[in-house]
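Excluded from the calculations below are hydrogen atoms, water molecules and symmetry mates; all remaining heavy atoms, backbone and side chain alike, are included. Note that the structure is a prediction, hence the values are computed from the model and not measured.
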Amino acid sequence: MSADAKTIIRRRAIELGFDACQFTTATPPESARHFRDWLAAGRQGTMSYLERTADRRVNPAAVLPGAASVIVLAASYPAGEAAPEPVEWARSSLAMSRSWKPESRGGVARYARFRDYHEVFRRKLLALVETVDIVGGPDTRSRAYVDTGPVLERDLARRAGMGFIGKHTNLIRPSLGNWFFIAEVLTTLVLAPDAPARNRCGKCTRCIAACPTQAIVAPYQLDARRCISYLTIESRGPIPIEFRPLIGARVFGCDACLEVCPWNRFAAAGGLLARTQWTDDSGLVLLDLLALDHAGFRRRFRRTPIERIKLSGLRRNVCVALGNVANADALPALERAAFDPDQLVAEHASWAVGRIRERSE
């Protein structure tokens, strides 16, 4: 029955639009100790929820009592145009500022150019859970998550054969490259596990070399406190001054380590997210973003990943980007922002003003 159940579930997952479906057991991931060591080193930064839910994250049965299996799903998103490379902008800020124009754009991570994936996946996962519970019978219980539940999803995905974890700590599936989301269904239904994926990074270290802030402190080790994605999304306070110039013109996330992965040449975009793309651009006009009010922010970014950082976080990031790449034409807007009631925005705007004036001297 296990093999037949897997066939039915996998077929249903593909029908729902997922690009891959793999299976593993619900036993604790072998990496649980490494996760606890990572937390003990403080590399999670201000993401206190990771430590708060650590005991549940390392044991799927603590999330769903009686869990026997984990169904791991992947949904790719089109790679599209690369965003401006932050490390190049950081190295040549003077040259960039001379060619900067008021319509210049800030970089946005590729996944953020589509509607909020949590919302896109929710109905699909509920439909799959319904199938799993029907296949398993009346005593089967299942629970689905996408990036929000207390689950070590990358580690479970690796064990399920979905892909291997690269030196940048992200999951790589050869047929999808880096460009995909993962979700999982925990279930009490016993399903035969698939074979784990073999690591195929080899001697390649391109992702480590590409990181602008050296957040990949060693192969397979990430210090989130240095990561541009963490600094521009997860962190809600001031961005440390030493990292600001390295962010370049990124205003939401960073793909630097992902873009250089050689496995991307085999990537194939799926269809689940393609129809939800809300911007065709690799970036957004910086001065337009700085001028947004709350109503304008809601109109523009509702139901997108950018909504998560709220207006304050976005304008903070925009100030840093302008400080890195803009010329004196941006000073009037930044000088006004330096007196903004939002102290987070005001402080970063003041920093940007100082940076531009240094370059203009």
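Put simply, the side chain of C257 does not reach to within 4.5 Å of the side chain of I208, judged on heavy atoms. The side-chain heavy atoms of I172 and I165, taken from C-beta on, include no pair separated by under 4.5 Å. Looking at heavy atoms from C-beta onward, D147 lies in side-chain contact with Y117 at the 4.5 angstrom threshold. Between V151 and R57, every side-chain heavy-atom pair lies at or beyond the 4.5 Å cut-off. Proximity of L287 to L322: side-chain heavy atoms (C-beta onward) are separated by under 4.5 Å at one or more points. With contacts defined as side-chain heavy-atom distances shorter than 4.5 Å, the pair C211/H168 does not qualify. Contact of the E184 side chain with the L156 side chain is not registered, since no non-hydrogen atoms from C-beta on lie closer than 4.5 Å. In this structure, F18 and L272 have side chains that are in contact, with non-hydrogen atoms separated by less than 4.5 Å.
The backbone N or O of C254 lies less than 3.5 Å from a partner atom in the side chain of S229, making a donor-acceptor pair. The backbone N or O of T213 lies less than 3.5 Å from a partner atom in the side chain of R226, making a donor-acceptor pair. With hydrogens and angles ignored, the 3.5 Å screen pairs no side-chain donor or acceptor of R336 with any backbone N or O of L331. Checking side-chain atoms of S69 against main-chain N and O of T187 turns up no donor-acceptor pair under 3.5 Å. A donor-acceptor pair under 3.5 Å is absent between the side-chain atoms of R12 and the main chain of T131, judged by distance alone. Judged by distance alone, with hydrogens and angles left aside, the side-chain atoms of E307 form no donor-acceptor pair with the main-chain N or O of R302 at under 3.5 Å. Using modelled atom types, one side-chain atom of R10 and one backbone atom of C21 make a donor-acceptor pair closer than 3.5 Å. In this structure, W38 contributes its side chain and L222 its backbone to a donor-acceptor pair below 3.5 Å. Not one N or O on the side chain of D155 forms a donor-acceptor pair closer than 3.5 Å with the backbone of P29. Distance alone, capped at 3.5 Å, places no donor-acceptor pair between the N317 side chain and the R250 backbone.
Within 6.0 Å of atom CZ in R141, more than 12 heavy atoms from other residues, nucleotides or ligands are found, so the atom counts as buried in its surroundings.
Side-chain contact of S142 with D133: a donor-acceptor pair under 3.5 Å is present, judged by distance alone. Side chains of Y230 and T46: a donor-acceptor N/O pair is present below 3.5 angstrom, by distance only. With no hydrogens or angles considered, a side-chain donor-acceptor pair links D19 and S76 at under 3.5 Å. Donor-acceptor pairing under 3.5 Å is lacking for the side chains of R244 and N324. Under 3.5 Å, the side chains of R115 and Q277 contain no donor-acceptor pair of N or O atoms.
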For the pair L284 and V318, evaluate side-chain contact (heavy atoms from CB on, under 4.5 Å) and give the outcome as yes or no after the intermediate values.
CA-CA 10 Å; L284 301 169; V318 169; over 6 Å; no
Could you go step by step and tell me if F121 and L16 meet the side-chain contact (heavy atoms from CB on, under 4.5 Å) rule?
CA-CA 10 Å; F121 288 179; L16 289 167; over 6 Å; no
How far apart are the C-alpha atoms of D55 and R36, what are their side-chain angles, what is the distance that settles it, and do they pass the salt bridge (Lys or Arg N to Asp or Glu O under 4.0 Å) test?
CA-CA 9 Å; D55 290 341; R36 290 192 183 277; 2.8 Å; yes
Go through Q22 and R173 one step at a time and tell me if the side-chain contact (heavy atoms from CB on, under 4.5 Å) criterion holds.
CA-CA 12 Å; Q22 300 285 134; R173 184 175 177 86; 4.0 Å; yes
side-chain contact (heavy atoms from CB on, under 4.5 Å) between T24 and R158, intermediate numbers included
CA-CA 9 Å; T24 188; R158 182 207 63 80; over 6 Å; no
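F339 and L334 fall into different hydrophobic clusters, where Ile, Leu, Val, Met, Phe, Trp and Tyr residues are linked whenever their side-chain heavy atoms come under 4.5 Å apart, directly or through other members. In the hydrophobic clustering of ILVMFWY residues, with side-chain heavy atoms under 4.5 Å counting as a link, I182 and F114 come out apart. Both V135 and L73 are part of a single hydrophobic cluster, where members link through side-chain heavy atoms under 4.5 Å apart. Under a hydrophobic-cluster definition in which Ile, Leu, Val, Met, Phe, Trp and Tyr are linked whenever side-chain heavy atoms come within less than 4.5 Å, directly or via other members, L64 and Y145 are assigned to the same cluster. Grouping the Ile, Leu, Val, Met, Phe, Trp and Tyr side chains by contacts below 4.5 angstrom, directly or via other members, places V185 apart from V63.
By the 30° and 60° cut-offs, the orientation of the rings of F181 relative to Y77 is tilted. Note: F301 and F297 have tilted aromatic rings, judged against thresholds of 30 and 60 degrees for the angle between ring planes.
What you find for F23 and K6 is that their closest heavy atoms are CD1-CE, 3.5 Å. For the pair A249 and A321, the tightest heavy-atom approach, listed with the atom from each and the gap, is CA-CB, 3.6 Å. Contact record, C201 with K167: CB-NZ, 3.4 Å, taken as the closest heavy-atom pair. Across all their heavy atoms, I356 and A328 have their closest contact at CG2-N, 3.8 Å. Between A197 and G163, the shortest heavy-atom contact is CB-O, 3.0 Å. Closest of all the heavy-atom pairs between F180 and M162 is CE1-CG, 4.5 Å.
To the nearest 0.5 Å, atoms CD1 (I71) and CG (L189) are separated by 7.0 Å. One finds the CG atom of D342 at 5.5 Å from the CG atom of L344 (value rounded to the nearest 0.5 Å). Here CZ of R225 is found 10.0 Å from CE of M47. Values are rounded to the nearest 0.5 Å. Atom CG of D4 sits about 11.5 Å away from atom CG of L191, to the nearest 0.5 Å. Rounded to the nearest 0.5 Å, atoms CZ (F164) and CG (L171) are 8.5 Å apart. The distance from atom CG of L231 to atom CD1 of I239, rounded to the nearest 0.5 Å, is 6.0 Å.
For the side chain to side chain contact (heavy atoms under 4.5 Å, CB included) with D223, the qualifying choice from R43, Q44, Q214 is R43, the only one to do so.
In summary, K124 and E119 do not engage in a salt bridge, as defined by a charged side-chain N under 4.0 Å from a carboxylate O. Under a 4.0 Å N-O distance rule, the pair R315/D340 qualifies as a salt bridge. Between R110 and E259 there is a salt bridge, since a side-chain N of the basic residue sits under 4.0 Å from a carboxylate O of the acidic one. Using a cut-off of 4.0 Å between Lys/Arg side-chain N and Asp/Glu carboxylate O, E30 and R159 are scored as salt-bridged.
In summary, the aromatic rings of Y111 and W179 are positioned with their centroids too far apart to meet the 6.0 Å limit.
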